[in-house]
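Keep in mind that the numbers below use all heavy atoms, side chains included, and drop hydrogens, waters and symmetry copies. One is the number of the first residue; the rest follow in order along the sequence.
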Amino acid sequence: MTEPRSSGPDGATPEHNAATPIDGPLAPAGAADQSPIPAETVQPPTPPGGGIFSLDRPAAGLYLVAWLLTGTGLGILFVSVISTSSASGALALVGLSLATVGSFAGCGYQVVARRTARSPDAYRGPSPVLAFVAAAMLSSAIAVAFGLAGLLTALTGGDFLLGLTVVALGYLTVIVLFVDRTGALSWSAMGWPSGRGRSGRFVGDAAFGVIVTVPVVVPVLIGAGLLALVLDVQPTGRIPSVEGGLETLFVVIGAAFVAPVGEEMFFRGFALSAWRRDLGPRAALIRSAAFFAIVHIVNVGGVTFGDAAREAILQVAVILPLGFVLGWVYLRHGIGAAIAGHVGYNATLLVLAAAAGQLGGLPA
């Protein structure tokens, strides 16, 4: 009986190879000389998804708070949706507030965890998907609070502008708190011009964005019209039909300026830039365009699931090309080009809708 000796990388001791006699007819080469593994070092297999609920991680407190509050908040929100009680609005506000704090804690956790786990050249901020959830929870909570206060009681031009402003501020809040202030991405890294001559550069970039993006309107509308006929579906109108100069002005400001600025700041300036650091420009462009299109599915409606599914397909087919074009423009000339292109695209849609007398049926 020999004493166990340390084995080499291939499982055999330095003095042995595959031709060395072995103990037992089925034992592999070097099996007789391998050292026993202490029982305390043997790790049991982790079940699928088991690591998600482990607290053996940095900032475990933030991680736990994120799961508990987000899950509790979404549960309360679900109860408020199916409830017929007069207190359902207040219940929704409680649920959204808890989910907001929870998703913010999740963003904070990812900032801490990625700072230690990733290299300085990689993106070390919160996932754009989680950041979107945090922004959506925040803006939804504010919108419900405004509704309970009687500030968002009907779909008017003023309400439309206020709602889009709240969404844009939600995007801005998340980016400032978890991306800029944490050093994950600077504003210049997100495409915003800096230094001397930035005003002139911004104007040139904006002109490029408009020239490239506006011609996309016609083929997108033609394709959307043909697809709508095939699917036998009409898109849900998200821009209110209004009368009067002031109400129309609110709609134009909201659809042609506030929405483009907020969405480009988040989906191109932040999300595309974050993914670009880890995936490269081509993969980041594809992912950001798909993300941009999928997010717009939340605006669909329908009497049946089939109606909603067909409208979702139409929505993605309309928004996806725009996401690719705006992403390409952003990669070439920065955020100014992307914002101007989006402004030009939406403004062109508004002009065409006004000419056709259908201002209330276009996507923003």
Set of residues satisfying salt bridge (charged side-chain N to carboxylate O under 4.0 Å, His left out) with respect to Arg310, sequence neighbours excluded: Asp307
Over all atoms of both residues, closest heavy-atom pair of Leu314 and Ala224: CD1-O, 3.5 Å
Minimal non-hydrogen separation, Gly73 against Leu98, with atom names: CA-CB, 3.8 Å
Ile335 CD1 to His342 NE2 distance, which is reported to the nearest 0.5 Å: 11.0 Å
Min side-chain heavy-atom separation Val179-Phe270 under 4.5 Å: yes
Lys/Arg N to Asp/Glu carboxylate O, Asp205 vs Arg332, below 4.0 Å: no
Nearest non-hydrogen partners of Leu130 and Cys107, listed with the distance: CD2-N, 3.7 Å
Beyond-backbone contact of Val220 with Leu322, side-chain heavy atoms, under 4.5 angstrom: no
Ile142 reachable from Val101 in the ILVMFWY side-chain graph, under 4.5 Å edges: no
Contact check, side chains of Ile286 and Phe324, non-hydrogen atoms, under 4.5 Å: yes
Polar contact flag, side-chain donor to acceptor under 3.5 angstrom, Ser83-Ser85: no
Distance, nearest 0.5 Å, that separates CG of Leu74 from CG of Leu96: 8.5 Å
Asn346 side-chain N/O to Ala255 backbone N/O, donor-acceptor pair under 3.5 Å: yes
Where Ala338 and Tyr330 come nearest, the two heavy atoms and their spacing: CB-CB, 4.0 Å
Ring geometry between Tyr171 and Phe267 (parallel below 30°, tilted from 30 to 60°, perpendicular above 60°): perpendicular
Cluster link Val325 to Phe266, ILVMFWY, side chain under 4.5 Å: yes
Nearest-0.5 Å distance, CD1 of residue Ile339 to CD of residue Glu263: 11.0 Å
Validation row: Leu279, Arg287 side chains within 4.5 angstrom (heavy atoms): yes
Validation row, ring centre Phe178 to ring centre Phe104 under 6.0 Å: yes
From CG (Leu93) to OG (Ser140), nearest 0.5 Å: 11.0 Å
Gln110 (side chain) donor-acceptor with Ser127 (main chain) under 3.5 angstrom: yes
Parallel, tilted or perpendicular, as decided by the 30° and 60° cut-offs, for the rings of Trp192 and Phe202: parallel
Residues Leu331, Arg276; criterion side-chain contact (heavy atoms from CB on, under 4.5 Å); working and verdict: CA-CA 10 Å; Leu331 290 174; Arg276 182 184 184 184; 3.8 Å; yes
Connected via hydrophobic side-chain network under 4.5 Å: Phe292 and Val212: yes
Residue pair Val65 / Ala105: nearest heavy atoms and the distance that separates them: CG1-CB, 4.0 Å
Ring centers of Phe250, Phe160 separated by less than 6.0 Å: no
Distance in Å, Thr182 OG1 paired with Arg124 CZ, rounded so as to fall on 0.5 Å steps: 9.5 Å
Non-hydrogen side-chain atoms of Leu349 and Leu221 separated by less than 4.5 Å: yes
Under 3.5 Å donor-acceptor, Thr213 side chain and Val210 backbone: no
Donor-acceptor pair, side chain of Ser288 and main chain of Ala284, under 3.5 angstrom: yes
Donor-acceptor pair between His296 and Gln315 side chains, under 3.5 angstrom: no
Side-chain heavy-atom pair Val79, Leu91 within 4.5 angstrom cut-off: yes
Phe132 and Phe291 aromatic ring geometry - parallel, tilted or perpendicular at 30°/60° bounds: perpendicular
Side-chain donor/acceptor of Thr72 to backbone N/O of Leu69, under 3.5 Å: no
Ile175 and Trp187, any side-chain heavy atoms less than 4.5 Å apart: yes
Spatial distance of atom CG (Leu172) from atom OG1 (Thr165) [nearest 0.5 Å]: 12.0 Å
Flag side-chain contact, heavy atom, 4.5 Å: Asp278 against Arg118: yes
Where Ser139 and Val167 come nearest, the two heavy atoms and their spacing: CB-CA, 3.9 Å
Donor-acceptor under 3.5 Å (Arg268 side chain, Gly327 main chain): no
Cluster overlap Leu177 with Met137, hydrophobic side-chain contacts below 4.5 Å: no
hydrophobic_cluster_shared for Leu227 and Val217, side chain cutoff 4.5 Å: yes
Donor-acceptor pair between Ser273 and Tyr123 side chains, under 3.5 angstrom: no
